[in-house]
Every structure is written in structure tokens, then in C-alpha cells.
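See below for the structure under consideration.
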Amino acid sequence: MKLTHRPGSGTSAVVVDTLIAFANVLEHAGQARARVTLGHGQHGLTVSVMDDGEG
């Protein structure tokens with residue numbers, strides 16, 4: 001799951017979207033590990049949540 005926010009869209013939106021992504025990992029991936037990657041560039045902040053689960 002990749003979520004992209006433009007500058008000024010708010011820190012709370014990034015936190016909420018990241019928590020939703022983690023909830024999806026817990027619900028669908030089974031016994032998995034998750035990795036969060038944050039990036040910031042010309043187009044804003046990018047949050048990437050990846051897991052090694054089954055679903």
C-alpha cells in the first residue's frame with residue numbers, strides 16, 4: 001500500500017492512513033512482519049507500508 005500526501009495536508013492524515021495500513025496488515029497478513037518507509041521529495045511525503053504475510 002502506498003499513500004502519498006501533498007505538503008500541507010496534515011500530519012494527522014499521515015498518521016491515520018498509516019494506522020489503517022497497519023490494521024490491514026493485522027487483519028489480512030496473518031503472522032507477518034511489516035515495514036514502514038517514509039520519503040519526502042518534490043511531490044510531498046510518501047508513506048509505504050509493506051508486509052511479508054499471506055493475504
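The model shown is predicted, which means the values in this text are computed figures rather than measured ones.
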Could you give all pairs that pass the salt bridge (Lys or Arg N to Asp or Glu O under 4.0 Å) test and reach residues 22-32, with sequence neighbours left out?
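The answer is none; no pair qualifies.
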So D17 and V47, side chain to side chain contact (heavy atoms under 4.5 Å, CB included) or not? Walk me through it.
CA-CA 9 Å; D17 288 347; V47 179; over 6 Å; no
R35: what forms a salt bridge (charged side-chain N to carboxylate O under 4.0 Å, His left out) with it, not counting sequence neighbours?
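Here no residue qualifies.
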So, for A29 and D51, which heavy atoms are closest and what is the spacing to 0.1 Å?
CB-OD1, 3.6 Å
For a quick test of reading the model, state the closest non-hydrogen atom pair linking D52 to R33 and the distance between them.
OD1-N, 2.7 Å
Do V36 and V25 share a hydrophobic cluster (ILVMFWY, side-chain heavy atoms under 4.5 Å, transitive)?
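Hydrophobic grouping puts V36 with V25.
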